[in-house]
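Presented below is the structure to which this report refers.
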Amino acid sequence: MANERMNLMNMAKLSIKGLIESALNLGRTLDSDYAPLQQFFVVMEHCLKHGLKAKKTFLGQNKSFWGPLELVEKLVPEAAEITASVKDLPGLRTPVGRGRAWLRLALMQKKLSEYMKALINRKDLLSEFYEPNALMMEEEGAIISGLLVGLNVIDANFCMKGEDLDSQVGVIDFSMYLKEGPIAKSSEEDVEKELEVQIGMKQEMEMAMKMLDRDVCEKQEALVALRQQLDDLRALKHELSFKLQSSDLALKQKNELNSRLEEKTNQMAATIKQLEHRLRGAVRDRLDAEEANRLFKQDFGDKIESLQMEVDRLRKQCLHYEKEQKKEAKRRPSGNQIVKEVPENKYSPLRIPHLLQKNMSAQNKGVPENVKQAVNEMNSTAHNSTTSPSISPEREGQDGERRILQMCQLCREESSILLTKNECKNCGGIFCSTCSSNEIPLPSSIHPERVCNLCYQRLIQQYCSSPS
């Protein structure tokens, strides 16, 4: 058995070496018709069958290396694809055919060395299929798995549909290896030297496998980092998508706001146009009013000044006559003499509005309406004051004396006989202090004068409604 293992190992070495050299010299992808490749599969089949236990069936004993190869998918998950593909091939009917197809697919994947190494390392599982001194159970199997690493430089492509793998006969053609030189007889010493070489190769292979494992670990770590980056990119994509939706919503709201602002702007523009139109109309009216005022001042300025002077003169006369009346009242005798009522002077305050109206109608009929209205107000006030009973009837006392009492025209309370103390400077009526407590500038006076409450309200309304 030891010699068989040594011979198979040497044949595997020669087969792998010749296949690599011929494939590199050929410089193309290998197919199933390439003779060195066919011899390699025959040698591998003999290596896998060495020391294989026979299984008893109802047809007899059966030796097949498909059973150990089927275990590889449990050790290396990547081999499950090959196993499934082999089982799905329609032309395979025997376990030998499936095993041959498995070897070809593993070589195409460039994973044959990896799968064989994983299988040889689990001798506890191989003991079910191989004898203890079989090649797969001894050191030669590990050496062969290391030699298979060199086949990763070969590109092979097989079309197994229609190929009869069940009935092929695996015969080793030694003529291909005779040109390598005569095969010397093995001696115990040459076995030992070859073993040392193989042990060194095994150590190198183990070192290479460690480096490969380290490289695989680094690649796995890089893969984990790439997956983490992919997750981060997905999260970033989700965040950007959310921000894009938010920005779209904000843009939509801004567009709606812009639409409303444009609508309001259009409304404000229309309103501004209307206001400008009104402003132009108001400016025209103001210019017309200024022109009319200028023409009025030009036409009636002298007349108004003359009327104002006439009013001032009449006021002075009224004051003079009032002073005379006071002096006359002081000189009146007391006792049983009868106090006569002073006749109304033609220039008294009650007759000033009539004189003004008469004078204005006599001078010019084109007096402005505001002046006419003021004169009419004064006339109506004077008329009301004259028609209202302001003087009480004569009373006779116990001594038969008769005197005249003045009464307030609003509250009807008796007032002092001094007419100037509570006299309204506008209408000339007699009022108490409560009903004539207001003062307001009059056209006839520069300083504020005392007026009754009725005249004060009328004059305020006239001043407020007067355009000048």
key: All pairs passing side-chain hydrogen bond (donor to acceptor under 3.5 Å, both in side chains) where residues 245-258 contributes a residue, at least two apart   = none
[X] side chain near [Y] side chain, heavy-atom distance below 4.5 Å:
X: Cys452; Y: Cys435; value: no
X: Ile16; Y: Ile20; value: yes
X: Ile154; Y: Leu107; value: no
X: Phe158; Y: Leu105; value: no
X: Tyr34; Y: Leu19; value: yes
X: Thr265; Y: Met268; value: no
X: Val96; Y: Glu45; value: yes

Test salt bridge (charged side-chain N to carboxylate O under 4.0 Å, His left out) applied to [X] - qualifying residues, sequence neighbours left out:
X: Glu239; value: Lys243
X: Glu78; value: Lys111
X: Glu139; value: Lys202
X: Arg122; value: Asp124

Please give me the minimum heavy-atom distance between [X] and [Y], naming the atom from each residue.
X: Phe431; Y: Cys424; value: CE1-CB, 3.7 Å
X: Ala23; Y: Leu30; value: CB-CD1, 3.8 Å
X: Cys47; Y: Ile144; value: SG-CD1, 3.8 Å
X: Leu165; Y: Arg100; value: O-NH1, 2.6 Å
X: Leu119; Y: Pro68; value: CD1-O, 3.5 Å
X: Gly99; Y: Leu69; value: O-CD1, 3.9 Å

query = Hey, mind stepping through Asn453 and Asn438 against side-chain hydrogen bond (donor to acceptor under 3.5 Å, both in side chains) and telling me if it holds?
reply = CA-CA 7 Å; Asn453 294 344; Asn438 297 310; 3.0 Å; yes
Who pairs with [X] by side chain to side chain donor-acceptor pair (under 3.5 Å), at least two apart in sequence or on another chain?
X: Lys110; answer: Asp155
X: Gln109; answer: Tyr115
X: Tyr456; answer: none
X: Ser127; answer: none

Give a yes or no on whether [X] atom [atom1] has more than 12 heavy-atom contacts from other residues, nucleotides or ligands under 6.0 Å away.
X: Glu291; atom1: CD; result: yes
X: Arg294; atom1: CZ; result: yes
X: Glu324; atom1: CD; result: yes
X: Lys74; atom1: NZ; result: no

Rounded to the nearest 0.5 Å, how far does [atom2] of [Y] lie from [atom1] of [X]?
X: Phe129; Y: Leu48; atom1: CZ; atom2: CG; answer: 12.5 Å
X: Ser145; Y: Asn121; atom1: OG; atom2: CG; answer: 7.5 Å
X: Leu151; Y: Leu37; atom1: CG; atom2: CG; answer: 9.0 Å
X: Ile440; Y: Leu442; atom1: CD1; atom2: CG; answer: 7.0 Å
X: Leu103; Y: Ile82; atom1: CG; atom2: CD1; answer: 10.0 Å
X: Met44; Y: Ser15; atom1: CE; atom2: OG; answer: 9.0 Å

query = Tell me the salt bridge (charged side-chain N to carboxylate O under 4.0 Å, His left out) pairs involving residues 259-287, sequence neighbours left out?
reply = Arg286-Glu290
message = For residues 215-230, which residue pairs pass the salt bridge (charged side-chain N to carboxylate O under 4.0 Å, His left out) check, not counting sequence neighbours?
response = Asp215-Lys219
task = Test salt bridge (Lys or Arg N to Asp or Glu O under 4.0 Å) on Glu328 and Arg331 and set out the steps.
result = CA-CA 5 Å; Glu328 184 68 24; Arg331 289 195 300 267; 2.8 Å; yes
Are any side-chain N or O atoms of [X] and backbone N or O atoms of [Y], one a donor and one an acceptor, separated by less than 3.5 Å?
X: Arg450; Y: Ser436; value: yes
X: Glu423; Y: Gly429; value: no
X: Asn152; Y: Val149; value: yes
X: Ser22; Y: Gly18; value: yes

task = Please name all residues satisfying side-chain contact (heavy atoms from CB on, under 4.5 Å) with Arg234, sequence neighbours left out, ordered by chain then number.
result = Leu230, Asp231
message = Go through it in stages, so that I can follow the logic: the residues are Glu449 and Arg315, the test is salt bridge (Lys or Arg N to Asp or Glu O under 4.0 Å), and I'd like the CA-CA distance, side-chain angles, deciding distance and then a yes or no.
response = CA-CA 13 Å; Glu449 298 289 348; Arg315 289 285 184 185; over 6 Å; no
ask   = Think Arg104 forms a cation-pi with Phe41, using NZ or CZ under 6.0 Å from the six-ring centre and within 45 degrees of its axis?
value = yes
